[in-house]
Amino acid sequence: MRRGKLACGALIAAAAAATVTAQAAVAAPATSGVVVDYRAQSTTATVATQGGGLLALHSNRVREGSRVRVTAVRQLGNGTLAGRLTVVGKARRATVRGVVAAQIGRRAIALSGPGTTFMIRLGRRSGKNSLQVTPQYGVGSTVSVDVKIDPKGDLNGEDVTVVNGVPLRTLELEGMVKTVGAGTTAPTVDPATGCVTGLTSTNLPVGWLALSVGEHDLSLTAFVKLASATTPPVAPTTGTTTTTTTAPTPPVAPTFAAGQEVELHVNQVLSTTTSAPCDNQFQLTSASANGDEQEADEDRDHGEEHNEGDRHGRGHGGGDEGGGDGEHGGGNDDD
């Protein structure tokens with residue numbers, strides 16, 4: 001699949017630099033970990049390294065739950081990373097650390113890290129009550145989550161530890177563009193909640209974007225408000241002298257298309273009455289496509305080159321890509 005960069009002016013350069021810095025800090029010591037998410041369309045794997053750090057990179061196809069060795073990490077032209085994953089075993093559990101970007105009621109959360117966003121179910125632990133989203137680890141909180149990886153690749157949270165309960169207002173969202181707003185009805189603010197009401201992916205107003213986050217059997221739709229052009233100032237008049245102020249040049253608006261994999265840097269939309277975050281509503285600050293044409297070709301070449309290595313890893317990991325889930329195969333198993 002060929003992917004190109006989005007036009008978003010200087011904002012992209014700044015966001016890409018920040019992403020590269022953040023990812024490089026994680027990537028430098030990371031040599032192994034567990035794959036906790038893989039997005040086939042953007043060929044993006046998320047690896048949970050020791051201690052729960054998240055490393056997102058374009059790679060060969062590897063199934064969630066695979067224990068991998070990470071090599072040949074390199075920076076791509078759009079600020080993301082690419083690398084080679086070699087399967088060395090299986091894991092049924094992992095620890096992930098990131099920022100809570102959104103939530104589906106009290107059933108699940110979307111966890112965000114540099115270059116990645118994925119879903120975690122908040123299910124039952126043995127002998128304990130259901131985990132639930134609470135103010136202590138609500139949207140914007142940094143958390144560490146112990147997860148169990150089921151045979152389908154879904155993550156089920158077994159324990160949540162708050163790393164920093166002070167909410168972050170600037171987040172990253174990675175996912176697929178679901179709808180680009182084309183509706184003519186202006187969005188309205190619900191006086192009871194102070195948030196925009198009536199947003200749906202089927203009838204989205206102009207100036208909004210619906211982003212699908214997560215895959216498998218669990219996903220959510222995040223609504224992102226795009227930057228609007230500034231209105232030219234009115235030329236004031238004083239007596240017979242007319243002075244005109246120069247309007248600032250508005251930022252270049254990104255161009256999005258349905259089905260496109262993107263990485264968005266966003267701010268939370270806050271309620272106009274309570275200042276609390278509005279559920280799954282964000283303001284875009286910058287964006288980039290998740291990959292580009294040249295590196296997409298390189299990724300495919302690397303994937304073909306190391307297919308044999310993947311097959312070797314599967315043979316030692318109990319059938320990673322073959323029939324069944326390999327739950328009782330050889331290789332590393334966390335149980």
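Keep in mind that the numbers below use all heavy atoms, side chains included, and drop hydrogens, waters and symmetry copies.
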Shortest non-hydrogen contact from A101 to S112? CB-CB, 3.9 Å
With side chains defined as the heavy atoms from C-beta onward, is the minimum distance between L209 and F282 less than 4.5 Å? no
Which atoms form the tightest heavy-atom contact between I104 and S219, and what is the distance? CD1-O, 3.3 Å
Before giving the answer on side-chain contact (heavy atoms from CB on, under 4.5 Å), spell out for V70 and L57 the whole-Å C-alpha distance, their side-chain angles and the decisive distance to 0.1 Å. CA-CA 10 Å; V70 183; L57 70 169; 4.2 Å; yes
Check step by step if side-chain contact (heavy atoms from CB on, under 4.5 Å) holds for V87 and V62. CA-CA 8 Å; V87 178; V62 179; 3.8 Å; yes
Point-to-point distance, once rounded to the nearest 0.5 Å, from CG of N164 to CZ of R97: 9.0 Å
side-chain hydrogen bond (donor to acceptor under 3.5 Å, both in side chains) pairs touching residues 175-189, sequence neighbours excluded, are K178-T221
OG on S42 to CE on M176, rounded to 0.5 Å: 10.5 Å
How many angstroms lie between atom OG1 of T142 and atom CG of L168, to the nearest 0.5 angstrom? 4.5 Å
Evaluate the salt bridge (Lys or Arg N to Asp or Glu O under 4.0 Å) criterion for residues E174 and R39: first the C-alpha distance (whole Å), next the side-chain angles of each, then the deciding distance (0.1 Å), finally the verdict. CA-CA 10 Å; E174 190 271 342; R39 294 189 70 93; 3.7 Å; yes
Under 4.5 Å between any side-chain heavy atoms of V266 and T170, yes or no? no
V166: hydrophobic cluster co-members (side-chain, 4.5 Å): none
For the residue pair S144 / T161, report whether a side-chain donor-acceptor contact shorter than 3.5 Å exists. no
Ignoring hydrogens and geometry, is there a side-chain-to-backbone donor-acceptor pair from Q281 to C278 under 3.5 Å? no
CD1-CZ distance between I109 and F118, expressed to the nearest 0.5 angstrom: 8.5 Å
Donor-acceptor pair, side chain of S141 and main chain of G138, under 3.5 angstrom: yes
Write down the atom of A56, the atom of T44, and the distance for their closest heavy-atom approach. CB-CG2, 4.3 Å
Taking all non-hydrogen atoms of both residues, which atom of Q283 and which atom of K225 are closest, and how far apart? NE2-O, 3.1 Å
Within the 4.5 Å heavy-atom criterion, are R169 and L270 side-chain neighbours or not? yes
Calculate, to the nearest 0.5 Å, the distance between atoms CD and OG1 belonging to E263 and T80 respectively. 7.5 Å
Got a salt bridge between E158 and R93, using NZ or NE/NH1/NH2 to carboxylate O under 4.0 Å? yes
Where do E172 and T117 come nearest, in terms of heavy atoms and distance? O-OG1, 3.5 Å
Are V177 and V206 linked, directly or through other ILVMFWY residues, by side chains that come within less than 4.5 angstrom of each other? no
Dump the intermediate steps for side-chain contact (heavy atoms from CB on, under 4.5 Å) on V68 and V47, then the final yes or no. CA-CA 8 Å; V68 296; V47 179; 4.2 Å; yes
How far apart are the closest heavy atoms of I149 and A94, and which atoms are they? CD1-CB, 4.5 Å
Residue pairs meeting disulfide bond (SG atoms under 2.5 Å apart), one or both in residues 36-109, sequence neighbours left out, come to none
Residue pair L284 / F256, side-chain heavy-atom distance below 4.5 Å: yes
Could you tell me whether the side chain of Y38 reaches within less than 4.5 Å of the side chain of R63, counting heavy atoms only? no
I'd like to check D154 versus R121 (side-chain heavy atoms, cut-off strictly below 4.5 Å). Are they in contact? yes
V163 and V143: side-chain contact (heavy atoms from CB on, under 4.5 Å), yes or no, with the steps? CA-CA 5 Å; V163 178; V143 297; 5.6 Å; no
Point-to-point distance, once rounded to the nearest 0.5 Å, from CG of L81 to OG of S59: 11.5 Å
Checking T193 now: which residues fulfil side chain to side chain contact (heavy atoms under 4.5 Å, CB included) with it, not counting sequence neighbours? D190, C195
Side-chain heavy atoms of L155 within contact of D150, under 4.5 Å: no
In chain order, what residues pass the side chain to side chain contact (heavy atoms under 4.5 Å, CB included) check against D146, with sequence neighbours excluded? T95, D159
Other than L199, which residues form its hydrophobic cluster under the rule that side-chain heavy atoms must be closer than 4.5 Å? V196, L204, W208, F223
